Amino acid sequence: MNQEKTPTVYLVDSENVNDVWIRLVTNMEAQDEILVFYTEKSPHMSYEKVIELTQLSDRPIQWIKCVEGSNALDFQLVTELGARVATEPGHAFVIVSNDNGFDAAVKYWTQRDKDVRRMKSAECRQLSRKYAEPAKSAAEQSLADTAILQPEDDTAEQTFSYQADIEQLSRSIQMSKLTLFHDAFVCMFDQEIGDEIYYYMKEHKEELAGLSENYLPKRKARLKNYFQMALAHAGGDTSGTDDVMEIYNHIDEPKKNLQKLNVEAVKKFGQEQGSSYYKVLKKHVKIMSKL
């Protein structure tokens, strides 16, 4: 007899994981639900992502606009989690966020025998790869499932999901500067993922050495590649990259003239778009000054 799958409620911290949570949509079961918590600070979606969601419009996604303030979204998400656990005790609950601050709430509920956990953005990427792979035979699937249970293989799988990021960043940062790679990935993801990639790169120096050939000789090209990558990870519109970099390159010591960056970006793109570009520049300007 087939055991009925437990319905799962995904609570998405959109300020933290950008739009990577969309990859959950195609993998969710009919009885599952996604709650997307958002504010004006949540990264804007690209047209491609909007189209993707429109094509999946039959999926149960609930959009919850949050009151803004310091950690306001987090408090509202946890409040909703508590209400749902009380009214739907037979459900499983997954907080989709890279913020380990939610782990206290997860621990609270698991100690009370509730099915609550946190999912990082890396796991969303793994899900999309899993479902994109060709169908396996029963024997192959059994071996794959067994491998997933092994901690060392799981680490290798997570690391693989960042290979493209390492390769793209090697165009802007010399492979010998692992600390700068680390700082850049912390800015793009979070401390935990930045540490994970750093230790992987440190352990696989010889295998990654060939990426040194990617390094762009011209600084302006390195800056553009880096900013475009940072912007993409923040869920921003990369179409204005050239214009933003023109502003950046014409300002003396951008790190010390952040206000001027903001003024020029708003003047060029308007308040909303200009501010979104400035937000990314401000976060990454220290890294960019070292490229």
Side-chain angles (χ1 to χ4, degrees), residues 12-23 25 36-57 61 63-74 96-99 121 124 164-165 168-169 171-172 184-190 216 219-289 291:
V12 179
D13 173 6
S14 68
E15 286 185 346
N16 185 275
V17 296
N18 301 331
D19 58 13
V20 70
W21 63 268
I22 294 175
R23 306 185 187 197
V25 180
V36 182
F37 294 80
Y38 72 96
T39 68
E40 292 298 324
K41 296 179 181 178
S42 298
H44 293 256
M45 288 187 186
S46 65
Y47 283 109
E48 288 77 9
K49 294 299 182 183
V50 173
I51 292 170
E52 184 178 344
L53 274 180
T54 302
Q55 294 171 339
L56 299 167
S57 59
I61 301 174
W63 301 87
I64 301 176
K65 186 172 184 178
C66 296
V67 176
E68 294 190 31
S70 179
N71 295 319
L73 185 152
D74 300 356
V96 183
S97 178
N98 293 319
D99 186 350
S121 56
C124 293
D165 293 300
Q168 184 175 355
L169 195 53
R171 294 166 59 84
S172 296
F185 282 128
V186 167
C187 286
M188 291 183 194
F189 295 104
D190 62 14
L216 297 168
R219 186 169 185 269
K220 284 187 177 181
R222 296 197 297 271
L223 286 167
K224 177 182 175 180
N225 175 72
Y226 181 89
F227 179 71
Q228 193 165 34
M229 185 177 179
L231 195 59
H233 276 287
D237 179 6
T238 59
S239 63
T241 300
D242 287 334
D243 290 330
V244 176
M245 293 317 300
E246 185 175 350
I247 293 171
Y248 180 92
N249 290 322
H250 281 81
I251 292 179
D252 293 329
E253 298 187 80
K255 189 169 66 171
K256 296 181 180 179
N257 290 287
L258 289 174
Q259 188 55 42
K260 189 172 182 181
L261 274 174
N262 187 29
V263 170
E264 293 300 322
V266 170
K267 186 188 299 184
K268 178 71 178 179
F269 300 99
Q271 183 64 46
E272 183 178 354
Q273 190 66 21
S275 295
S276 69
Y277 284 138
Y278 168 70
K279 184 178 178 181
V280 177
L281 280 170
K282 183 179 179 181
K283 185 175 182 180
H284 293 272
V285 70
K286 289 184 179 179
I287 305 294
M288 294 172 70
S289 68
L291 299 183

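Fair warning: this is a prediction, and the values are worked out from it, not measured in the lab.
With sequence neighbours excluded, the residues forming a side chain to side chain contact (heavy atoms under 4.5 Å, CB included) with Val186 are His182, Gln191, listed by chain and number. The salt bridge (charged side-chain N to carboxylate O under 4.0 Å, His left out) search around Lys65 returns Glu40, not counting sequence neighbours. Take Asp242 and apply the salt bridge (charged side-chain N to carboxylate O under 4.0 Å, His left out) test, not counting sequence neighbours, and it matches Lys224. Among residues two or more places apart in sequence or in another chain, the side chain to side chain contact (heavy atoms under 4.5 Å, CB included) test is passed with Arg171 by Asn214, Leu216, Asn225. The side-chain hydrogen bond (donor to acceptor under 3.5 Å, both in side chains) check on Thr238 picks up nothing, with sequence neighbours excluded. Partners of Gln271 by side-chain hydrogen bond (donor to acceptor under 3.5 Å, both in side chains), not counting sequence neighbours, listed by chain and number: Ser275. In this view, Phe37 satisfies the ring-ring contact (aromatic ring centres under 6.0 Å, His included) rule with no residue, not counting sequence neighbours. Shown here are the side-chain hydrogen bond (donor to acceptor under 3.5 Å, both in side chains) partners of Asp190, two or more places apart in sequence or in another chain: there are none. With sequence neighbours left out, the salt bridge (charged side-chain N to carboxylate O under 4.0 Å, His left out) criterion links Lys283 to no other residue. For Ser239, the side-chain hydrogen bond (donor to acceptor under 3.5 Å, both in side chains) criterion is met by Asp237, not counting sequence neighbours.
Distance check, rounded to the nearest 0.5 Å: CD of Glu68 to OG1 of Thr39 gives 4.5 Å. Atom CG of residue Leu261 and atom OH of residue Tyr248 lie 7.5 Å apart, to the nearest 0.5 angstrom. Between Leu169 atom CG and Met229 atom CE the span is 5.0 Å, to the nearest 0.5 Å. Taken to the nearest 0.5 Å, the CD atom of Gln168 stands 7.0 Å off from the CD atom of Gln228. The CG atom of Leu223 sits 12.0 Å away from atom CD1 of Ile287, with the distance rounded to the nearest 0.5 Å.
Residue pairs meeting the ring-ring contact (aromatic ring centres under 6.0 Å, His included) criterion with at least one partner in residues 258-285, sequence neighbours excluded, are Tyr226-His284, Phe269-Tyr277. Applying the salt bridge (Lys or Arg N to Asp or Glu O under 4.0 Å) test to residues at least two apart or on different chains, the pairs with a partner in residues 258-271 are Glu264-Lys267.
The two residues Ser172 and Leu291 make their nearest non-hydrogen contact at O-CD2, 3.6 Å. Of all non-hydrogen atoms in Val36 and Ser14, the two that sit nearest each other are CG1-CB, 4.2 Å.
The closest side-chain heavy-atom distance from Glu15 to Asp99 is not below 4.5 Å.
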